Amino acid sequence: MTTQSVIRRLGKTRGEKGFAYAKTAVELLMEDDNRCLNLSRDVYPEVAKRYQVKVSCVERNIRTMLEDCWDHGNRKLFHEIAGYELDHRPTVKEFLNMLYDYLLENQ
């Protein structure tokens with residue numbers, strides 16, 4: 001199971017910026033899980049550098065993708081990734097950390 005396949009199952013396609021940024025962010029977390037502690041300092045700048053965009057664009061595009069997945073995608077998979085039934089849309093930080101944990105558990 002890959003980050004890409006999980007995000008696609010949530011309802012997004014590879015052609016969206018948020019998809020690529022989220023995928024890269026989770027890959028960075030997989031390389032060093034200490035990055036989970038401070039995404040703003042340790043992950044978003046690296047993603048921004050790789051895609052040659054502003055750091056603010058990274059978080060915003062992941063958030064937009066996440067909102068769309070939550071509103072129109074596979075809500076059941078969100079609950080599975082979280083490990084419990086969510087009563088609200090997760091934040092970007094919560095989502096990336098949940099996705100990271102889910103992928104680790106399912107490797």
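A quick note: this is a predicted structure, and the numbers were derived from the prediction, not measured.
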What closest approach, in Å, do Pro45 and Ser40 show between heavy atoms, and which atom pair accounts for it?
-> CD-O, 3.2 Å
Among pairs that include at least one residue of residues 24-43, which meet ring pair (Phe, Tyr, Trp, His ring centres under 6.0 Å), considering only residues two or more places apart or in two chains?
-> none
Under 3.5 Å, which donor-acceptor pairs link side chains of residues 58-70 to any protein atom two or more places apart or in another chain?
unit_1, atom_1, unit_2, atom_2, d
Glu59, OE1, Arg63, NH1, 2.4
Glu59, OE2, Arg63, NH1, 3.2
Asn61, ND2, Cys57, O, 2.7
Thr64, OG1, Arg60, O, 2.9
Asp68, OD2, Lys12, NZ, 2.2

Set of residues satisfying salt bridge (Lys or Arg N to Asp or Glu O under 4.0 Å) with respect to Asp42, sequence neighbours excluded | none
Residues that Ser5 engages under side chain to side chain contact (heavy atoms under 4.5 Å, CB included), provided they are two or more places apart | Met1, Thr2, Arg8
Partners of Glu27 by salt bridge (Lys or Arg N to Asp or Glu O under 4.0 Å), sequence neighbours excluded?
-> Lys23
State which residues pass side-chain hydrogen bond (donor to acceptor under 3.5 Å, both in side chains) with Thr24; sequence neighbours excluded, sorted by chain then number.
-> Tyr51
Please report, to 0.1 Å, the donor-acceptor pairs under 3.5 Å made by any side chain of residues 95-107, with sequence neighbours excluded.
unit_1, atom_1, unit_2, atom_2, d
Asn97, ND2, Lys93, O, 2.9
Tyr102, OH, Glu80, OE2, 2.6
Asn106, ND2, Tyr102, O, 2.7

By salt bridge (Lys or Arg N to Asp or Glu O under 4.0 Å), Arg50 pairs with (sequence neighbours left out) Glu46
Kindly state each residue pair satisfying ring pair (Phe, Tyr, Trp, His ring centres under 6.0 Å) with at least one member in residues 25-49, sequence neighbours excluded.
-> none
Pairwise distance CD(Glu94) to CG(Leu86) - rounded to 0.5 angstrom = 8.5 Å
With rounding to the nearest 0.5 Å, note down the distance linking CG in Asn74 to CZ in Arg9.
-> 7.0 Å
Salt bridge (Lys or Arg N to Asp or Glu O under 4.0 Å) filter on Glu85, not counting sequence neighbours, yields none
Taking only residues two or more places apart in sequence, or in another chain, which ones meet Asp32 in a side chain to side chain contact (heavy atoms under 4.5 Å, CB included)?
-> Asn34, Arg35
